[in-house]
Amino acid sequence: MRTENPESMNPSDRQRWDLRYREGAYAQRHWPSAYLQQLHQDGVIPDDGRALDMACGRGRNSLFLASHGLAVDAVDVSPVAIAQGANTAIAGHLRVNWQCSDVLKRGRSLPKNTYAVAVMIRFVAPILLPRLLHALVPGGILVLEEHLQWDGAERISGPGSNRFRVASGDLSRQLHESQVGFDVLHQYEGLISEPADDGTEVNAAVARMCIRRSST
Ligand SMILES: C[S@@+](CC[C@H](N)C(=O)[O-])C[C@H]1O[C@@H](n2cnc3c(N)ncnc32)[C@H](O)[C@@H]1O
């Protein structure tokens with residue numbers, strides 16, 4: 001595991017998330033993103049090559065990708081989340097390259113033309129979208145799922161503040177602003193039903209997008 005000097009990371013993000021994870025956030029959520037699972041079942045996600053899980057949390061999606069044969073780099077600002085993910089990986093005999101790092105830190109870059117798959121799930125960071133596209137190999141797959149701003153009458157789960165949600169059309173617009181060509185394989189904005197940590201079903205408003213970087 002690679003760990004950045006904790007003092008050089010954004011202290012508010014790191015401390016806030018460490019506290020949440022220490023208090024048990026997502027501790028029951030062992031299942032990977034339903035979207036990622038569906039894309040894998042549909043044959044969109046390759047079973048080899050390198051993968052990047054951006055803001056991986058406790059690593060539910062990293063572990064899923066690793067279990068299907070990908071060599072996963074899993075990055076998160078919270079050392080507590082990374083440690084919990086690493087313990088789960090050890091228990092499951094899975095290998096993941098855990099990296100504790102502030103991905104929003106100025107000057108932070110990603111290796112180019114490297115990953116067959118990149119995922120950023122439930123972490124809103126528009127600045128990273130062009131970098132993620134450049135980090136894919138030609139033909140590589142980017143999977144995004146964010147909480148969506150919602151003004152419908154339905155009760156929805158997830159962040160109370162729109163700061164941690166994307167507006168309708170944001171993902172598509174931000175991706176098109178990058179200079180990298182891609183094809184949209186799947187796109188959805190709206191309500192989904194999903195299990196909460198206590199096992200009950202709740203509604204979430206999400207923006208999902210899966211794209212393939214152009215081959216040229
Ligand atoms: C809602 S959780 C999602 C975790 C994971 N992607 C999942 O789907 O289970 C958001 C994650 O973003 C991480 N995060 C927040 N700010 C970050 C930053 N500046 N750099 C890296 N990770 C960050 C948090 O530690 C947290 O694990």
Side-chain angles (χ1 to χ4, degrees), residues 4 8-17 20 26 33 35-36 39 44-45 51-57 59-62 65 72-78 81 99-138 140-152 156-192 204-214:
E4 194 173 292
S8 69
M9 292 192 258
N10 180 335
S12 55
D13 275 356
R14 179 170 51 84
Q15 285 163 6
R16 190 162 54 85
W17 279 100
R20 288 192 63 181
Y26 309 125
S33 148
Y35 187 39
L36 189 58
L39 291 168
V44 175
I45 307 291
L52 173 65
D53 185 359
M54 186 61 91
C56 62
R60 62 190 181 124
N61 300 311
S62 314
L65 292 169
V72 184
D73 293 337
V75 190
D76 200 280
V77 76
S78 164
Q99 300 176 10
C100 188
S101 174
D102 180 351
V103 297
L104 298 180
K105 196 170 157 192
R106 191 185 290 269
R108 181 61 27 97
S109 62
L110 291 174
K112 293 201 165 60
N113 302 312
T114 300
Y115 295 104
V117 182
V119 306
M120 187 162 78
I121 295 185
R122 310 212 177 184
F123 177 58
V124 176
I127 195 175
L128 297 178
L129 294 179
R131 289 183 216 167
L132 285 168
L133 267 172
H134 282 283
L136 292 174
V137 294
I141 300 291
L142 176 61
V143 180
L144 302 169
E145 183 184 79
E146 307 294 7
H147 286 288
L148 178 69
Q149 296 177 12
W150 191 255
D151 53 15
I156 54 165
S157 65
S161 161
N162 274 344
R163 195 153 72 87
F164 304 111
R165 293 177 176 271
V166 295
S168 177
D170 268 359
L171 292 181
S172 182
R173 192 175 54 256
Q174 288 154 1
L175 285 167
H176 278 102
E177 280 168 8
S178 80
Q179 300 300 309
V180 180
F182 62 87
D183 298 311
V184 177
L185 303 184
H186 177 266
Q187 192 166 11
Y188 172 78
E189 287 184 352
L191 290 180
I192 59 166
V206 295
R208 289 172 162 172
M209 221 170 153
C210 176
I211 64 173
R212 176 181 284 125
R213 181 177 173 178
S214 303

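The first residue of the sequence shown is numbered 1, and numbering continues consecutively from there.
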Indicate the atoms forming the closest heavy-atom contact of [X] with [Y], along with that distance.
| X | Y | answer |
| --- | --- | --- |
| Arg14 | Val77 | CG-O, 3.6 Å |
| Ser101 | Arg108 | OG-NH1, 2.6 Å |
| Ser62 | Val72 | O-CG2, 3.7 Å |
| Ala125 | Leu104 | CB-CD2, 3.9 Å |
| Val137 | Ala116 | CG2-CA, 4.0 Å |

Under a 4.5 Å cut-off applied to non-hydrogen side-chain atoms, are [X] and [Y] in contact?
| X | Y | value |
| --- | --- | --- |
| Ile121 | Tyr35 | no |
| Phe123 | Leu128 | yes |
| Leu39 | Ile141 | no |
| Met209 | Val184 | yes |
| Pro138 | Asn113 | yes |
| Leu191 | Leu148 | no |
| Ile211 | Leu133 | yes |
| Leu65 | Leu36 | yes |

Would you confirm whether [X], through its side chain, and [Y], through its main-chain N or O, come within 3.5 Å as a donor-acceptor pair?
| X | Y | result |
| --- | --- | --- |
| Arg165 | Trp150 | no |
| Gln99 | Asp76 | no |
| Asn61 | Ser33 | yes |
| Arg208 | His186 | no |

Hey, what do you get for [atom1] ([X]) to [atom2] ([Y]), rounding to the nearest 0.5 Å?
| X | Y | atom1 | atom2 | result |
| --- | --- | --- | --- | --- |
| Gln149 | Ser161 | CD | OG | 8.5 Å |
| Leu142 | Leu171 | CG | CG | 9.0 Å |
| Asp151 | Ser168 | CG | OG | 10.0 Å |
| His134 | Thr114 | NE2 | OG1 | 12.5 Å |
| Leu129 | Met120 | CG | CE | 4.5 Å |

Donor-acceptor pairs under 3.5 angstrom involving side-chain atoms of residues 175-183: please list them, not counting sequence neighbours.
from	atom 1	to	atom 2	distance (Å)
His176	ND1	Ser172	O	2.9
Ser178	OG	Leu175	O	2.9
Ser178	OG	Val180	N	3.4

Open item on the list: Could you check whether atom CZ of Arg212 has more than 12 heavy atoms from other residues, nucleotides or ligands sitting under 6.0 Å from it?
Closed with: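 For Arg212, atom CZ is not crowded (no more than 12 foreign heavy atoms under 6.0 Å).
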
TODO: Identify the residue among Val117, Val119, Leu132 that makes a side chain to side chain contact (heavy atoms under 4.5 Å, CB included) with Leu52.
DONE: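 That would be Leu132.
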
Task: Partners passing side-chain hydrogen bond (donor to acceptor under 3.5 Å, both in side chains) against Arg122 (at least two apart in sequence or in another chain) - done: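 side-chain hydrogen bond (donor to acceptor under 3.5 Å, both in side chains) check on Arg122 returns Glu145, Glu194.
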
